[in-house]
Amino acid sequence: MRELFVYWRLSRHDVGAAQAEMQRLQTALEGEWPGLVARLYLRADADGSDDATLMETYARDGGIAPGLQADIVTRGTQAAARWCRGARHVEVFEPVAR
C-alpha cells in the first residue's frame with residue numbers, strides 16, 4: 001500500500017497563508033478521491049532561520065495509484081508555488097508488515 005510524503009521549504013512568515021491553502025487543497029482532494037486521508041505537518045525542530053518546512057502526507061486503502069499521485073503532485077505544486085522555496089520533494093513509501 002503506497003503512501004505519499006511531500007515536503008517543501010518556505011518562509012516562516014508565510015506559514016499561515018500556505019497552511020490554509022494546502023488544507024483547502026487537501027480537503028478538495030479528499031472529496032474527489034474517496035478514501036484518501038491527507039494530513040499536513042509543520043516541522044517542529046526549527047533551526048532558528050527564516051525557513052520553515054511543511055510536510056504533506058497522503059494515504060488511501062489500496063495505496064496511492066499513479067493517477068492519484070500525479071493529481072496530488074500537480075495540484076500541490078500549483079497551490080504551493082507562491083510560497084515554495086526550491087523544489088517540492090515527493091517520496092513514496094510502503095508500510096512494513098509487523
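We count residues from 1, following the sequence as given.
Checked for salt-bridge contact, E30 and R39 miss the test: no charged N lies under 4.0 Å from a carboxylate O. Note on R82 versus E21: no salt bridge recorded, every NZ/NE/NH1/NH2 to OD/OE distance being 4.0 Å or above. Using a 4.0 Å cut-off between charged side-chain N and carboxylate O, R12 and D50 make no salt bridge.
Two residues are said to be in side-chain contact when any heavy atoms from C-beta on lie closer than 4.5 Å; R85 and W8 fail this criterion. Two residues are said to be in side-chain contact when any heavy atoms from C-beta on lie closer than 4.5 Å; V6 and H89 fail this criterion. Annotation: side chain of L10 is in contact with side chain of V15 (closest heavy-atom distance under 4.5 Å). For the pair L36/I64, a side-chain contact is recorded, criterion being any heavy-atom separation below 4.5 Å from C-beta on. Residues L40 and M55 form no side-chain contact, since every pair of their non-hydrogen atoms from C-beta on lies 4.5 Å or further apart. In this structure, T57 and Y41 have side chains that are in contact, with non-hydrogen atoms separated by less than 4.5 Å. Within the 4.5 Å cutoff, the side chain of Y58 has no heavy atoms near those of the L68 side chain.
Of all the heavy atoms in L42 and A52, the pair that sits closest is CD1-CB, 4.2 Å. Of all the heavy atoms in P95 and E3, the pair that sits closest is CG-OE2, 4.2 Å. When every heavy atom of R9 is checked against every heavy atom of T53, the shortest pair comes out as NH1-OG1, 2.8 Å. For P66 against R2, the heavy-atom pair with the smallest separation is N-NH1, 4.2 Å.
Atom CG of D14 and atom SG of C84 lie 11.0 Å apart (nearest 0.5 Å). Atom CG of residue L54 and atom CD of residue Q23 lie 9.5 Å apart, to the nearest 0.5 angstrom. Interatomic distance, CD of Q26 versus CZ of R75, reported as 11.5 Å (0.5 Å rounding).
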Under the side chain to side chain contact (heavy atoms under 4.5 Å, CB included) rule, what do E91 and L4 come out as? Steps first, then yes or no, please. CA-CA 6 Å; E91 298 185 5; L4 197 63; over 6 Å; no
Test side chain to side chain contact (heavy atoms under 4.5 Å, CB included) on M1 and R60 and set out the steps. CA-CA 8 Å; M1 177 169 78; R60 187 178 190 207; over 6 Å; no
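Criterion: ILVMFWY side-chain heavy atoms under 4.5 Å apart, direct or through other members. Under it, W33 and I72 are part of a common hydrophobic cluster. Cluster membership for V37 and V92, using ILVMFWY side-chain heavy atoms within less than 4.5 angstrom, is not shared.
Between F5 and F93, the ring-plane angle classifies as perpendicular under the 30° and 60° cut-offs.
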